[in-house]
Amino acid sequence: MKVLGNIIWFLFGGFFGGLSWIAIGVLWCLTIIGIPVGLQCFKLASLSFWPFGKEVVYDASTTSLLLNILWIIFGGIPLAIGHFISGVLLMITIIGIPFAAQSFKLAQLALMPFGARVVKTRY
């Protein structure tokens, strides 16, 4: 079921969501200071392409808090808004509810990507 969900997700929106993470990552990589942020964006783009069967685990630290604050100001808000709008539109139909849940997961991740790890689920 994960494979089917990921294929449908990729065809109907995941491709553009992943491209948006890559575009933001490229913009961050234009500066030397922003390269670690850009690399995190590239890691999370894979989650945006194929979100089913993966979950996000947060580990809190002071460094991740400071990076998340900078991230929200300089790049997280447009990604979060895009994923949130996508989630709201997907909630219109019953079939779209699992896809909306993935979109809301990505919206939360777009606000706090640092200190987050993507792990595969067993189910």
- Report yes or no: do I81 and L89 belong to one cluster of Ile/Leu/Val/Met/Phe/Trp/Tyr joined by side chain heavy-atom distances under 4.5 Å? yes
- Query: Parallel, tilted or perpendicular: which fits the ring planes of W21 and W71, with parallel below 30° and perpendicular above 60°?
  - Reply: parallel
- Check whether L4 and F99 end up in the same hydrophobic cluster, where Ile, Leu, Val, Met, Phe, Trp and Tyr are linked by side-chain heavy atoms less than 4.5 Å apart. yes
- Query: Taking K43 for the side chain and V118 for the main chain, is one N or O donor matched with an acceptor at less than 3.5 Å?
  - Reply: no
- Parallel, tilted or perpendicular for F15 and F10, by the 30°/60° rule? perpendicular
- Item | Within-4.5 Å side-chain heavy-atom neighbours: S103 and M91 | no
- Message: Quick check: do W50 and V3 have side-chain heavy atoms less than 4.5 Å from each other?
- Response: no
- Task: Could you pull out the closest heavy-atom pair between G38 and C29, with the gap in Å?
- Result: CA-SG, 3.7 Å
- What's the shortest heavy-atom distance between G17 and S48, and which atoms? C-OG, 3.2 Å
- Could you go step by step and tell me if L70 and V37 meet the side-chain contact (heavy atoms from CB on, under 4.5 Å) rule? CA-CA 10 Å; L70 286 174; V37 179; over 6 Å; no
- Value rounded to 0.5 Å, distance of CD1 in I72 from CG in L79: 12.0 Å
- Please examine the side chains of F84 and L111, heavy atoms only from C-beta on, and report whether any two atoms are closer than 4.5 Å. no
- Report the distance from atom CZ of F114 to atom CG of L66, rounding to the nearest 0.5 Å. 11.5 Å
- Which atoms form the tightest heavy-atom contact between G75 and I24, and what is the distance? O-CD1, 4.4 Å
- Note on the structure: CD of Q102 to CG of L47, rounded to nearest 0.5 Å, is 8.0 Å
- CD1-CD1 distance between I32 and I35, expressed to the nearest 0.5 angstrom: 6.0 Å
- Message: As an exercise, state the distance from NE2 of H83 to NZ of K105, rounded to the nearest 0.5 Å.
- Response: 11.0 Å
- Item | ILVMFWY cluster, V56 and L44 together (side-chain gap under 4.5 Å) | yes
- Query: Considering all heavy atoms of both residues, which atom of E55 and which atom of T121 are nearest to each other, and what is their separation?
  - Reply: OE1-CG2, 3.1 Å
- Item | Hydrophobic cluster identity match, V88 and L90, side-chain contacts under 4.5 Å | no
- Item | L11, CG atom: more than 12 neighbouring heavy atoms under 6.0 Å | yes
- Is atom CD1 of I95 surrounded by more than 12 heavy atoms (other residues, nucleotides or ligands) closer than 6.0 Å? no
- Message: Do N6 and P51 have side chains that approach each other closer than 4.5 Å (heavy atoms only, starting at C-beta)?
- Response: yes
- Note on the structure: Between G25 and C41, the two heavy atoms sitting closest are CA-CB, 3.6 Å
- Test side-chain contact (heavy atoms from CB on, under 4.5 Å) on I22 and F49 and set out the steps. CA-CA 11 Å; I22 290 173; F49 283 130; 3.9 Å; yes
- Is there a path of hydrophobic side-chain contacts, each under 4.5 Å between heavy atoms of I, L, V, M, F, W or Y residues, that connects I69 with W28? yes
- Task: Hey, could you give me the CE/OH distance between M112 and Y58, rounded to the nearest 0.5 Å?
- Result: 4.5 Å
- So do the side chains of F52 and I8 get within less than 4.5 Å of each other, counting heavy atoms only? no
- Task: Please check if atom CZ in F16 has more than 12 non-hydrogen atoms from other residues, nucleotides or ligands closer than 6.0 Å.
- Result: no
